[in-house]
Amino acid sequence: MDFALTGEQEALRDTAAKYLADDRSTADGRVAWTEIADLGWLDAELGTVELALLAEQLGWARSPSPWWTTVSLAGPALRAAGRPVARPATLAWAWENGPGTLAEVVAAARRPTGTDPTATAARSPGAAAAARSLTGDVAHAGTPSTDNPGVGCAVAVDGTLTGRAIRVPHAVDAVDLVVAVTGAYGVELRLVDTAVVRATPAGAGGQALDPSRAVSTVELTGVPSTLLVAADAAADVLALTRRRALALLAAEAVGVGARALAWAGAYAATRTQFGAPIGANQAVAHPLAECYGQVETARSLAYRAAWTVDEETGRVADRAVLTANVAAREAALNACEVAIQTYGGSGFTWEQPLHHWYRRAWWLATFDGTVADARAELAGLLLDD
């Protein structure tokens, strides 16, 4: 078995690195998005391994682009509905009075909701609306009926949505918003134009955990929507969404950790004290060496997870993705902290750019649950087997 990257994959990675090294990639969001599309980063032909290589480079550059939310959070639902993935998009899945993690939403989508008299026809938007009209309106947002459990947002007979989504990443940058809602027969995925919703960033400026990837609260009050994925297929699409999102974030965390380690290594090799580079001291060299081992291990696990998302299903894919996430999140955090310590007093100043990568590492470490949550879920999968 060949575990090496192909020539095409290496070319994709190297092109991304060169592009992201240019200031154009962050100067103007609209121009940058057009260039990303022109480079083929949104193409349907890209597998998760190719996307992971791009995510790693985006983590190295700490890109503010909504590319990750578009291809991993919104992309699976859009492609399942036969729609192109071309505009900035994101997914709303955490609700004020409902499930807060993607895992909980997947579980809600898999929960049986009774017999649907029009289950076969409900695969199309028109048929799904007709099916809802047979049973009347569904539960109000935040209070799904016990007979039809779902998430904390509901769809009315006319297709309008009501609810309040929290912690929606890149909501202020997105044009399309995919929403996990409670339909008449379970969890559905629906499309909303962000022009008709109100997104309020959870933190402004320095108050945000990572200002380059702000999360927002999105108000949905009688907002029109279009059905993308009906309840009978939503669970599988949401499971793929979670696996791809976590696999790409693991790769991004590898990029963050590698960038911090590169800075710290270069500084330790050039900064001298008492006539010798500080890297000659074991107290400096040994933590950097340990970080290198962590980052490289995380890179291998992230690539494996990305491959598994496309080639495996169920618990095998979940175990690989969770393993990569635990390793990559911890590697990114540790690399940033060791790098800051390597710089000494200057590492704790606002002029030192390392703190921007440190903030991204913390954002990654707390996305959709903590590292401890991921460890607990992984332990459950292993012990169940």
Side-chain angles (χ1 to χ4, degrees), residues 3-5 9-10 13-14 16-18 20-21 52-63 209-210 212 247-306 320 322-367 370-372 374-375 378:
F3 292 98
L5 298 175
Q9 290 170 337
E10 290 179 343
R13 177 198 61 196
D14 296 343
K18 291 178 182 178
L20 292 168
L53 294 173
L54 295 174
E56 183 180 350
Q57 297 305 316
L58 288 163
W60 174 281
R62 198 185 67 94
S63 171
L209 182 57
D210 181 2
S212 65
L248 296 189
L249 283 189
E252 183 179 329
V254 169
V256 170
R259 181 65 180 272
L261 185 60
W263 269 334
Y267 184 78
T270 56
R271 177 73 167 92
T272 59
Q273 284 185 346
F274 306 108
I278 62 172
N281 298 318
Q282 292 184 353
V284 175
H286 286 185
L288 291 175
E290 291 175 1
C291 283
Y292 176 79
Q294 283 186 307
V295 170
E296 290 305 310
T297 300
R299 177 178 283 114
S300 296
L301 292 172
Y303 290 174
R304 174 178 176 269
L322 288 169
T323 301
N325 257 265
V326 170
R329 292 182 187 195
E330 291 183 338
L333 274 176
N334 193 42
C336 288
E337 290 172 354
V338 169
I340 290 172
Q341 291 288 343
T342 301
Y343 273 85
S346 66
F348 295 86
T349 64
W350 288 114
E351 290 75 14
Q352 172 55 250
L354 266 172
H355 74 90
H356 294 297
W357 274 257
Y358 190 38
R359 286 187 171 203
R360 176 61 65 89
W362 268 112
W363 195 99
L364 297 170
T366 55
F367 169 78
T370 64
V371 175
R375 283 184 177 276
L378 179 58

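- Here side-chain hydrogen bond (donor to acceptor under 3.5 Å, both in side chains) pairs that include residues 270-281, with residues two or more places apart or in two chains, are Y267-R271.
- From L333, atom CG reaches atom CG of L364 across 8.5 Å, with rounding to the nearest 0.5 Å.
- The salt bridge (charged side-chain N to carboxylate O under 4.0 Å, His left out) contacts involving residues 280-295 comprise nothing, where partners must be two or more places apart or lie in separate chains.
- Of all the heavy atoms in C291 and N334, the pair that sits closest is SG-ND2, 3.6 Å.
- Minimum heavy-atom separation, A298 to A328: CB-CA, 3.7 Å.
- One finds the CZ atom of F367 at 9.0 Å from the CG atom of N325 (value rounded to the nearest 0.5 Å).
- The two atoms that bring G279 and A285 nearest to each other are O-CB, 3.4 Å, heavy atoms only.
- Closest approach of R329 to A365, counting heavy atoms only: NH1-O, 3.3 Å.
- Minimum heavy-atom separation, T342 to I278: O-CD1, 3.9 Å.
- Put simply, OG on S212 and CZ on R359 are 9.5 Å apart, with the number rounded to the nearest 0.5 Å.
- The CG atom of L248 sits 11.5 Å away from atom CD of E56, with the distance rounded to the nearest 0.5 Å.
- Counting only residues at least two apart or on different chains, the salt bridge (charged side-chain N to carboxylate O under 4.0 Å, His left out) pairs with a member in residues 330-345 are E330-R375.
- By the side-chain contact (heavy atoms from CB on, under 4.5 Å) test, S300 pairs with no residue at all, sequence neighbours left out.
- E296 meets the side-chain hydrogen bond (donor to acceptor under 3.5 Å, both in side chains) test with R299; sequence neighbours excluded.
- In this structure I340 satisfies the side-chain contact (heavy atoms from CB on, under 4.5 Å) test together with F348, L354, Y358, sequence neighbours excluded.
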Full working for side-chain contact (heavy atoms from CB on, under 4.5 Å) between Y303 and L53: CA-CA 8 Å; Y303 290 174; L53 294 173; 3.7 Å; yes
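- The two atoms that bring P287 and Q282 nearest to each other are CD-O, 3.7 Å, heavy atoms only.
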Which donor-acceptor pairs under 3.5 Å do the side chains of residues 251-262 make with protein atoms, sequence neighbours left out?
{"from": "E252", "atom 1": "OE1", "to": "R213", "atom 2": "NH1", "distance (Å)": "3.3"}
{"from": "E252", "atom 1": "OE1", "to": "R213", "atom 2": "NH2", "distance (Å)": "3.1"}
{"from": "E252", "atom 1": "OE2", "to": "R213", "atom 2": "NH1", "distance (Å)": "3.0"}
{"from": "E252", "atom 1": "OE2", "to": "R213", "atom 2": "NH2", "distance (Å)": "3.3"}
{"from": "E252", "atom 1": "OE2", "to": "R360", "atom 2": "NH1", "distance (Å)": "2.7"}
{"from": "R259", "atom 1": "NH1", "to": "W60", "atom 2": "O", "distance (Å)": "2.8"}

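- Pairs of residues two or more places apart, or lying in two chains, never qualify as ring pair (Phe, Tyr, Trp, His ring centres under 6.0 Å) while including a residue from residues 271-293.
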